[in-house]
Amino acid sequence: KGSKRHVHVAPPSEQTSCSPPRPRKACLDSEKQQQRQKGDFCMKQTTYELDIVAPPQHVYDTLRNVDNWAHLAPNYDHHAYIDDKTSHWVMKGILPTKKIEADVKFVKEQRPTILAFVLRGKNEHFTIQGQVILTPNARGTHMFVQIKGGAEGMSAVLLNPLLHAALPSVTKKLAHRLAEKIEQTV
């Protein structure tokens, strides 16, 4: 298996924007008030791509079953299922004094090519949206990961700098951990 390791295909790309897209000086105080009124908030987007030596169906099935990989997520403490599409997560170490709770819901499932989710903070106001697009290739599966996240309200002051700084590295780290886990189970 040593020679079949996954390969990094493209460097992470990053983009910070507010919904709808705004000029580079996005998230100024006057705009924040308008965004709150519209229900929008600043989101950081990152993408990452890599190849996994496994068929797309196996990659998809492994990703769809949260029990297979939840423990690989940074700051993970535990999770429990709410229903077949939603799980409740508890993460520690993100904020020094408390655990962060969030619900993760699969919002689009197109086996074996697309799996999209939304993670919403329960005790802090943040949202992370993500999707994984799987494409068969000569090595097995090309995995494209797109993650967008941000906080709103009082949480934004503390969480946005943390989320915006961490998203690219966490996305890359988790993608590689997932690839290793998946390749070990083929």
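What you see is a predicted model, and the numbers here were worked out from it, not measured in a lab.
- Separation of atoms OG1 (T46) and CG (L163) is listed at 12.5 Å; rounding is to 0.5 Å.
- Distance check: R139 CZ to L50 CG gives 10.0 Å after rounding to the nearest 0.5 Å.
- Its side chain within the 4.5 Å cluster rule, V118 clusters with V107 among the Ile, Leu, Val, Met, Phe, Trp and Tyr residues.
- Within a 6.0 Å radius of NZ in K108, no more than 12 heavy atoms belonging to other residues, nucleotides or ligands are found.
- Distance check, rounded to the nearest 0.5 Å: CE of M91 to NE2 of H78 gives 10.0 Å.
- Taking hydrophobic clusters as Ile, Leu, Val, Met, Phe, Trp and Tyr residues chained together by side-chain heavy-atom distances below 4.5 Å, W89 shares a cluster with F106.
- With rounding to the nearest 0.5 angstrom, the CG atom of D103 is 10.0 Å from the CZ atom of R120.
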Inset, instruction - Take L115 and E109 through the test side-chain contact (heavy atoms from CB on, under 4.5 Å) and record every step on the way to the result. - result: CA-CA 5 Å; L115 188 58; E109 300 178 70; 3.7 Å; yes
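- Within the 4.5 Å cutoff, side-chain heavy atoms of D51 are placed close to those of H142.
- The pair D83-K105 does not count as a salt bridge, with every side-chain nitrogen at least 4.0 angstrom from each carboxylate oxygen.
- Heavy atoms only, all atoms of each residue included: A54 and V186 are closest at CB-CG2, 3.3 Å.
- The cluster map of Ile, Leu, Val, Met, Phe, Trp and Tyr, joined by side-chain heavy atoms under 4.5 Å apart, puts F117 and F144 in different clusters.
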Inset, instruction - Show the numbers, then the answer: is there a side-chain contact (heavy atoms from CB on, under 4.5 Å) between R111 and D61? - result: CA-CA 8 Å; R111 187 177 190 270; D61 292 343; 2.6 Å; yes
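- Note on Y60 and I114: separate hydrophobic clusters, where clusters join Ile, Leu, Val, Met, Phe, Trp and Tyr whose side-chain heavy atoms are under 4.5 Å apart, directly or indirectly.
- A donor-acceptor pair under 3.5 Å is formed between the side chain of N123 and the backbone N or O of K99.
- The shortest non-hydrogen separation linking G150 to H164 is CA-NE2, 4.3 Å.
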Inset, instruction - Take V66 and V104, measure what side-chain contact (heavy atoms from CB on, under 4.5 Å) needs, and give me the verdict at the end. - result: CA-CA 10 Å; V66 173; V104 179; 5.8 Å; no
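- Between the side chain of W69 and the backbone N or O of L63 there is at least one donor-acceptor pair closer than 3.5 Å.
- From E180, atom CD reaches atom CD of E183 across 8.0 Å, with rounding to the nearest 0.5 Å.
- Checking side-chain atoms of Q129 against main-chain N and O of K148 turns up no donor-acceptor pair under 3.5 Å.
- Annotation: side chain of I100 is in contact with side chain of F126 (closest heavy-atom distance under 4.5 Å).
- Residues V145 and I147 meet the side-chain proximity criterion, which asks for heavy atoms closer than 4.5 Å.
- Across all non-hydrogen atoms, the minimal contact from K44 to P168 is CE-CG, 4.2 Å.
- For the side chain to side chain contact (heavy atoms under 4.5 Å, CB included) test with I182, the passing option among I52, V53, N68 is I52; the others fail.
- L72 and R177 get closest at one heavy-atom pair: O-NH1, 2.6 Å.
- Residues L178 and L119 share a single hydrophobic cluster, defined by chaining ILVMFWY side chains whose heavy atoms lie under 4.5 Å apart.
- I128 and I133 fall into different hydrophobic clusters, defined by Ile, Leu, Val, Met, Phe, Trp and Tyr side-chain heavy atoms under 4.5 Å apart, directly or through other members.
- With 3.5 Å as the limit, one finds no donor-acceptor pair spanning the side chains of T141 and H58.
- What you find for P161 and A156 is that their closest heavy atoms are CD-O, 3.6 Å.
- Atom CD in E101 sits 9.5 Å away from atom NZ in K122 (nearest 0.5 Å).
- Within the 3.5 Å criterion, the main-chain N or O of V90 finds no donor-acceptor partner in the side chain of D77.
- Looking at N160, its side chain does come within 3.5 Å of a backbone N or O of A151 through a donor-acceptor pair.
- Under the 30°/60° scheme for interplanar angles, the aromatic rings of Y81 and H79 are found to stand perpendicular.
- Atom CZ of R64 has more than 12 heavy atoms from other residues, nucleotides or ligands within 6.0 Å.
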